[in-house]
Amino acid sequence: GVWRQTRALLFKNCLIKCRTKKSSVQEVLFPLFFLFWLILMSMMHPHRKYDAVANTNLGTLDASILVNFVIGYTPPTPMAREIMKKVAFDNFEDGIITEEYLSEEELQEASAFKPSHFVGVVFTDAMSYQLRFPDSVAMSSIYMESR
């Protein structure tokens, strides 16, 4: 029963493949062609390997830049307050001025009044945040180049 039906189906498929040679050849050659093309493209654009960078002493941070520097943050949650307290006092003797704002709109208004010494931090949740810089800060070109 089952073996006879399976054998008849296989014989039928072989007959169809033999009668339609052009499409059968295409079914085999097209995937091989694309595989060859992918290998060729990966050989033309090899991955760049960069050497390790030795540890160097970068020196002390110039504290004169941070005089009257303000970091504003929103929303004022206990976790955000704790994080900003650590940012302000753990790395700098005098500390950095931190201000909390109730909404992102208030944060943007405050950055308009102090554009040269203000950075905003918007906490999206306990582990994620977004930085808001004034319009006068130029964006880094590191990520603009093609990788």
Side-chain angles (χ1 to χ4, degrees), residues 2 5-6 9-10 12-14 16-147:
V2 173
Q5 288 177 351
T6 305
L9 184 60
L10 288 173
K12 175 186 154 196
N13 287 341
C14 286
I16 291 172
K17 291 293 177 190
C18 289
R19 290 179 184 163
T20 58
K21 290 182 179 149
K22 184 179 178 183
S23 65
S24 299
V25 169
Q26 287 175 351
E27 286 179 10
V28 173
L29 291 183
F30 275 156
L32 291 176
F33 170 74
F34 288 123
L35 179 64
F36 171 74
W37 184 256
L38 285 173
I39 292 170
L40 182 68
M41 293 303 288
S42 68
M43 290 171 63
M44 288 175 59
H45 300 285
H47 296 289
R48 292 183 184 172
K49 293 189 167 89
Y50 296 101
D51 295 332
V53 177
N55 290 336
T56 57
N57 184 7
L58 298 176
T60 60
L61 181 64
D62 186 11
S64 65
I65 297 173
L66 300 175
V67 173
N68 297 327
F69 194 77
V70 178
I71 299 177
Y73 64 95
T74 187
T77 61
M79 179 64 80
R81 286 185 186 108
E82 185 68 28
I83 291 170
M84 295 311 291
K85 187 165 86 174
K86 286 184 180 189
V87 166
F89 294 108
D90 284 356
N91 298 318
F92 309 103
E93 297 95 26
D94 297 333
I96 294 177
I97 301 167
T98 58
E99 297 176 353
E100 60 182 46
Y101 296 95
L102 296 177
S103 67
E104 194 170 346
E105 291 78 21
E106 288 182 17
L107 182 76
Q108 289 174 349
E109 288 174 13
S111 71
F113 293 119
K114 314 170 202 175
S116 62
H117 298 289
F118 189 88
V119 173
V121 180
V122 178
F123 289 94
T124 54
D125 58 28
M127 294 294 178
S128 301
Y129 62 90
Q130 295 176 343
L131 297 177
R132 300 284 190 248
F133 292 100
D135 294 335
S136 62
V137 175
M139 294 299 291
S140 172
S141 63
I142 293 172
Y143 300 107
M144 302 296 181
E145 296 175 4
S146 148
R147 294 185 185 186

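- For Glu100, the salt bridge (Lys or Arg N to Asp or Glu O under 4.0 Å) partners two or more places apart in sequence, or in a different chain, are Arg81.
- Nearest approach of Thr74 to Tyr101, heavy atoms of both residues: OG1-O, 2.8 Å.
- Partners of Glu105 according to the side chain to side chain contact (heavy atoms under 4.5 Å, CB included) rule, which considers only residues two or more places apart in sequence or in another chain, are Ser103.
- Ile71 places none of its side-chain heavy atoms less than 4.5 Å from the side chain of Ile97.
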With a cut-off of 3.5 Å and sequence neighbours excluded, list every side-chain donor-acceptor pair involving residues 26-42.
{"unit_1": "Glu27", "atom_1": "OE1", "unit_2": "Lys17", "atom_2": "NZ", "d": "2.8"}
{"unit_1": "Glu27", "atom_1": "OE2", "unit_2": "Lys17", "atom_2": "NZ", "d": "3.2"}
{"unit_1": "Ser42", "atom_1": "OG", "unit_2": "Leu38", "atom_2": "O", "d": "3.4"}
{"unit_1": "Ser42", "atom_1": "OG", "unit_2": "Ile39", "atom_2": "O", "d": "2.8"}

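- Within the structure, salt bridge (Lys or Arg N to Asp or Glu O under 4.0 Å) pairs that include any residue of residues 28-37 do not occur (at least two apart or interchain).
- Annotation: side-chain hydrogen bond (donor to acceptor under 3.5 Å, both in side chains) contacts of Asp125 (sequence neighbours excluded): Ser128.
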### Message
Assess the residue pair Phe118 and Leu107 against the criterion (side-chain contact (heavy atoms from CB on, under 4.5 Å)); give the C-alpha distance rounded to whole Å, side-chain angles, the decisive distance to 0.1 Å, and a yes or no.
### Response
CA-CA 10 Å; Phe118 189 88; Leu107 182 76; 3.8 Å; yes
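- Partners of Gln130 under the side-chain hydrogen bond (donor to acceptor under 3.5 Å, both in side chains) rule, at least two apart in sequence or in another chain, are Arg132.
- Atom CD in Glu104 sits 12.5 Å away from atom CZ in Phe123 (nearest 0.5 Å).
- How far CE of Met84 is from CD of Glu99: 10.5 Å, rounded to the nearest 0.5 Å.
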### Message
Determine whether Val70 and Thr98 satisfy the following criterion, side-chain contact (heavy atoms from CB on, under 4.5 Å), listing intermediate values before the conclusion.
### Response
CA-CA 6 Å; Val70 178; Thr98 58; over 6 Å; no
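- When every heavy atom of Ala80 is checked against every heavy atom of Pro75, the shortest pair comes out as CB-O, 3.6 Å.
- For Ser23, the side chain to side chain contact (heavy atoms under 4.5 Å, CB included) partners are Thr20, not counting sequence neighbours.
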